[in-house]
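First the structure, in the form of structure tokens, and then the observations on it.
Computed from a predicted model, the values in this text were never measured in an experiment. Both backbone and side-chain heavy atoms feed into the values below; hydrogens, waters and symmetry mates do not. Nothing fancy with the numbering, it's 1 onward along the sequence.
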Amino acid sequence: MNSVIKFVELELVELASGAQLPNPVTTISSPLPAGSLRIRLPDSLKPGGYYLMVVNGHGEPVARSVDFHID
């Protein structure tokens with residue numbers, strides 16, 4: 001089984017409204033080949049529920065993260 005998802009973009013989405021946050025709201029770094037991401041968010045980001053949406057080269061959603069909360 002190959003668990004790799006090929007994508008071109010990660011979008012941060014507000015859980016309550018489903019609205020994508022404006023770019024660039026995140027800085028993402030991925031030390032290869034660890035398979036993990038470090039996401040830095042600006043202090044201006046409002047507390048609330050969010051999820052990450054993975055978008056392919058056609059702008060179509062292909063996967064999403066679990067919901068998470070920012071205090």
Side-chain angles (χ1 to χ4, degrees):
M1 181 173 108
N2 187 351
S3 61
V4 173
I5 298 174
K6 295 186 184 209
F7 66 95
V8 296
E9 203 170 333
L10 278 173
E11 297 287 341
L12 185 60
V13 180
E14 185 179 37
L15 187 59
S17 69
Q20 294 178 12
L21 298 179
N23 290 330
V25 80
T26 61
T27 301
I28 299 172
S29 61
S30 179
L32 295 175
S36 62
L37 295 174
R38 174 177 288 162
I39 302 172
R40 293 188 180 139
L41 302 171
D43 293 336
S44 60
L45 188 66
K46 298 183 303 186
Y50 296 91
Y51 63 89
L52 292 172
M53 181 172 54
V54 176
V55 181
N56 67 14
H58 302 287
E60 301 163 336
V62 293
R64 71 172 267 182
S65 71
V66 297
D67 301 342
F68 58 91
H69 187 81
I70 297 174
D71 295 326

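Closest heavy-atom contact between Y51 and V66: CB-O, 3.9 Å. M53 and P61 make their closest contact through SD-CB, 3.6 Å (heavy atoms, listed as atom of the first residue, atom of the second, distance).
One finds the CG atom of L21 at 5.5 Å from the OH atom of Y50 (value rounded to the nearest 0.5 Å). For the atom pair CD1 of I70 and NZ of K46, the computed distance is 11.5 Å after rounding to the nearest 0.5 Å.
Contact annotation: the side chain of V13 never approaches that of L52 to less than 4.5 Å [non-hydrogen atoms, C-beta and beyond].
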